[in-house]
Visitor: 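I'd like to ask you about the structure that follows.
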Amino acid sequence: KPMHIQYARTKSYVVAKEDGTLEDVKAAQQKRNAEEKAKPKVKKAKTTQEAPAEVPAAAAAAAQPAAALPNKILFVENLPEAAERDTLTVLFQQYPGFKEVRLIAAKRVAFVEFENEYQSIGALEGLQGFKVADDHHLKITFAKR
């Protein structure tokens with residue numbers, strides 16, 4: 001694994017004491033604290049979890065939950081009982097970076113893996129709501145990590 005190095009923004013008290021600059025460090029810290037107290041605090045507006053009334057129900061169902069982070073693996077739901085691995089492979093293979101499909105036929109869901117998150121985003125946007133049968137439209141989300 002690559003090593004990540006982060007540097008401190010200020011000197012520690014031990015180093016400042018050895019350098020003889022401890023008083024300068026304390027003065028700078030007091031100045032920063034005074035500036036932070038002087039800034040007005042901004043409250044964030046609360047957001048509702050419900051979809052607005054003017055958005056159709058189908059569009060609200062297809063919307064991504066706020067907590068879903070991009071992932072290279074897509075979770076595909078609402079598959080017909082007759083769905084096969086080869087059918088899904090042909091469907092997702094048209095998008096670059098496609099790796100494999102893992103179908104769980106008993107639960108009528110599948111996991112589709114791509115090379116990276118950016119390629120999975122393209123497939124998600126392209127196939128969201130795709131009609132695979134008369135009454136089955138794909139519901140695609142990012143798989144949980």
Visitor: Testing the basics here: between Lys99 and Phe114, what is the closest heavy-atom pair and its distance to 0.1 Å?
Guide: CD-O, 4.0 Å
Visitor: Rest of the hydrophobic cluster containing Val14 (Ile/Leu/Val/Met/Phe/Trp/Tyr, side-chain heavy atoms under 4.5 Å)?
Guide: none
Visitor: What about the rings of Phe75 and Phe142, do their centers lie closer together than 6.0 Å?
Guide: no
Visitor: State whether the side chain of Asn71 and the backbone N or O of Ala143 hold a donor-acceptor pair below 3.5 Å, judged by distance alone.
Guide: yes
Visitor: Please report the shortest heavy-atom distance between Val76 and Val112, naming the atom on each side.
Guide: CG2-CG2, 3.8 Å
Visitor: Can you tell me how far apart CD (Glu77) and CD1 (Ile104) are? Round to the nearest 0.5 Å.
Guide: 11.0 Å
Visitor: Flag yes if Phe130 and Ile121 sit in one hydrophobic cluster, no otherwise; membership is Ile, Leu, Val, Met, Phe, Trp, Tyr, and two members link when side-chain heavy atoms are under 4.5 Å apart.
Guide: yes
Visitor: What pair of heavy atoms forms the shortest contact from His137 to Asn78, and how long is it?
Guide: O-ND2, 2.8 Å
Visitor: Show me the donor-acceptor pairs, under 3.5 Å and distance only, between side chains in residues 79-97 and residues at least two apart or in other chains.
Guide:
residue, atom, partner, partner atom, Å
Arg85, NE, Val101, O, 3.1
Thr89, OG1, Arg85, O, 2.8
Gln94, NE2, Leu91, O, 3.0

Visitor: Shared ILVMFWY cluster between Leu124 and Leu127, side chains joined below 4.5 angstrom?
Guide: yes
Visitor: Under the 3.5 angstrom rule, does the side chain of Glu100 hit a backbone N or O of Glu113 as a donor-acceptor pair?
Guide: no
Visitor: Hey, could you give me each pair passing salt bridge (charged side-chain N to carboxylate O under 4.0 Å, His left out) that has a residue in residues 128-137? Not counting sequence neighbours.
Guide: none
Visitor: Would you give the length of the straight line joining atom CZ of Arg102 to atom CD1 of Ile73, rounded to the nearest 0.5 angstrom?
Guide: 5.0 Å
Visitor: Report yes or no: do Tyr7 and Met3 belong to one cluster of Ile/Leu/Val/Met/Phe/Trp/Tyr joined by side chain heavy-atom distances under 4.5 Å?
Guide: yes
Visitor: Would you say Val132 and Ile140 are hydrophobically clustered, going by side-chain heavy atoms of ILVMFWY under 4.5 Å?
Guide: yes
Visitor: Is any side-chain heavy atom of Gln30 closer than 4.5 Å to a side-chain heavy atom of Asn33?
Guide: no
